Number of protein chains: 2
Amino acid sequence: MDKVLIIDDDPKLLKMLERTLTYEGLTVITASNGLEALPLVSSELPDLIILDWLMPKMDGLTFLEKLRDFGNKTMTLMLTARDAVENRVLGLESGADDYLVKPFAPSELVARVHAMLRRVQKEPENQPVAYGGISLDPTTREVLVSGKQIDLTVTEFDLLHLLLRHPRQVLERQQILNEVWGYDFYGNDNVLEVYIGYLRKKLRKGDLDQLIQTVRGVGYVMKEGK
Amino acid sequence: MDKVLIIDDDPKLLKMLERTLTYEGLTVITASNGLEALPLVSSELPDLIILDWLMPKMDGLTFLEKLRDFGNKTMTLMLTARDAVENRVLGLESGADDYLVKPFAPSELVARVHAMLRRVQKEPENQPVAYGGISLDPTTREVLVSGKQIDLTVTEFDLLHLLLRHPRQVLERQQILNEVWGYDFYGNDNVLEVYIGYLRKKLRKGDLDQLIQTVRGVGYVMKEGK
DNA sequence: CCCCATGTTCACAGGATTTTAACAGTAAAA
DNA sequence: TTTTACTGTTAAAATCCTGTGAACATGGGG
């Protein structure tokens, strides 16, 4: 079961968060400030840390810096009362993996938490995958198209890997963006088309570019025929 | 049909909300405070609860705490007066799934309510469905008619999916428009006929176009025979 | 500091899909 | 039978979506 550490100095809010996430079937541990939380991280090894930006003793930012200094890579979700864009930047730069502006609907929190945990859970996908003449080995990062080896950049690789792991299954644009570019991707999602384009061009080397099919209005599928 | 419980101590507002949502085709039950509402939750099993934050006897916040303490997970929409400071944490502390700041436009309320209800309903809809020679798989988006595969656009797909999920059940025009085109569809509802036409034409490929039957003055059904 | 590789954004053409509108057809009501 | 209310069919118009080349941004290495 997934374990979440929540750090917030407001007891009511803490209670609320705890209850909400416990309903969701998560194991919840709490702390009221960063100082108190630090030892819990190493003893409890949570899968996700939710923390407030503003806290006494040790605020969210400082906590994150300390955490990262220790080389800890646990996923973190930052809560912030301010909604300025600069905070988003700050929050992310400080090492938070996502952030949420207060006030937010609990359902939104739950959605984010699940999205993040899903991402964490993703087992070390190290198994080679293959489909329709394309094979990809995550450990060596080698990709063969009709026997020929092709070179892919990281993003291209991740995208192809995702498609190959779900052959014949239509993946929605948002789903792909979430998986490859990270949950909560804001930018112009035309990147996806651009990368599909790159991939097709490279797959053309083995005449397999038609394997990536567009499903207009939905997303893309890796499948033969049609 | 979706059932909504509205809890508010202001009779005028209550009346207004009731009328608005009833007009939207929802079943509405009301209570003027939390104390009164609590038993209704277990007897009526509403799909959604709309409640005011400030109420006599038992306010919204307390009501929600009680509700959650009982382990009840019904969706809740909190109404609140505008107040800069309180709003910061309201969403969170209330434990509501969504909130709306007064004053609000009825259309906004309606939009939220429908969005929430759709969320409640729409969870498990990636199971393949089949009826009378037609099969549809939401994950691959493949549709087979008498064994032959046909290509559908998003709208066609959604419409067919809806019909297949309710075989032999007459779906009203408005109901279909709500599901497929969204609750806020005002356009010329001739689109529905047009799309039924498209679908029938494509189903004709497997000689199953007569499966979509017109129920004059009401809507359409997916059923064999006649 | 500049260059290069990678990643992201922009603009826009060409197509596919969706909507509108007009009218023909058909069942029910008068 | 006539009238009316709905429904089906088409085609054109409006809109939306995707692919593409090129510009722009970033960061690491030389």
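Treat the numbers as computed from the prediction; the structure is a model and nothing was measured. Just the heavy atoms: all of them, side chains too, but no hydrogens, waters or symmetry mates, feed the values below. Note on naming: letters A, B, ... go to the chains in the order of the sequence lines (proteins, then strands), and numbering restarts at 1 for each one.
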Exercise for review: Nearest 0.5 Å please: distance from the OG1 atom of A/T30 over to the CG atom of A/L40.
Suggested key: 8.0 Å
Review point. Any donor and acceptor pair, going by atom type alone, linking the side chain of B/E18 with main-chain N or O of B/I29 inside 3.5 Å?
Key: no
Revision key, fill the gap. Whole-Å distance, B/E156 CD to C/dT17 P, equals 8 Å
Practice item. Indicate, with yes or no, if the rings of B/W181 and B/Y195 have centres closer together than 6.0 Å. Key: yes
**Study point:** Sugar-phosphate or base contact per nucleotide [nucleotides 2-14 of chain D; S, B, -; heavy atom under 4.0 Å]
**Key:** ---BBSBBB----
Practice item. Return no unless some side-chain N or O of A/W181 is found under 4.0 Å from OP1 or OP2 of C/dG7. Key: no
Review point. Whole-Å distance between C/dT18 P and B/L159 CG?
Key: 11 Å
Practice item. Write down the distance between CG (B/D158) and C1' (C/dT19), rounded to a whole number of angstrom. Key: 16 Å
Check your understanding: What is the per-nucleotide protein-contact pattern of nucleotides 24-30 of chain D, from the 5' end, where B denotes a base atom under 4.0 Å from a protein heavy atom, S denotes such proximity for sugar-phosphate atoms only, and - denotes neither?
Key -> -------
Study note, to complete from the structure: When rounded to whole Å, the CG to C1' distance for the pair B/D151 and C/dG15 reads 16 Å
Exercise for review: Might you confirm whether atom CD of A/E172 has over 12 heavy atoms from other residues, nucleotides or ligands at distances under 6.0 Å?
Suggested key: no
Review point. Using a cut-off of less than 4.0 Å, is there contact between a side-chain N or O of B/T153 and OP1 or OP2 of C/dT18?
Key: yes
**Study point:** Whole-Å distance separating the CG atom of B/L160 from the C1' atom of C/dT17
**Key:** 17 Å
**Study point:** Euclidean distance, B/L159 CG relative to B/E156 CD, rounded to 0.5 Å
**Key:** 8.5 Å
Review point. With a cut-off of under 6.0 Å to the ring centre and 45° to the axis, is B/R141 in cation-pi contact with B/F157?
Key: yes
Point to revise | Under 3.5 Å side-chain donor-acceptor pair for B/E193 and B/N190 | key: yes
Point to revise | Distance in angstrom units between B/Y195 OH and C/dT20 P, rounded | key: 11 Å
Practice item. Compute whether any side-chain donor of one residue and acceptor of the other, for A/R168 and A/Y131, lie under 3.5 angstrom apart. Key: no
Study note, to complete from the structure: Sequence neighbours excluded, the answer for salt bridge (charged side-chain N to carboxylate O under 4.0 Å, His left out) partners of A/D209 is A/R204
Exercise for review: Provide, to the nearest angstrom, the distance between the CG atom belonging to A/L199 and the C1' atom belonging to D/dT20.
Suggested key: 15 Å
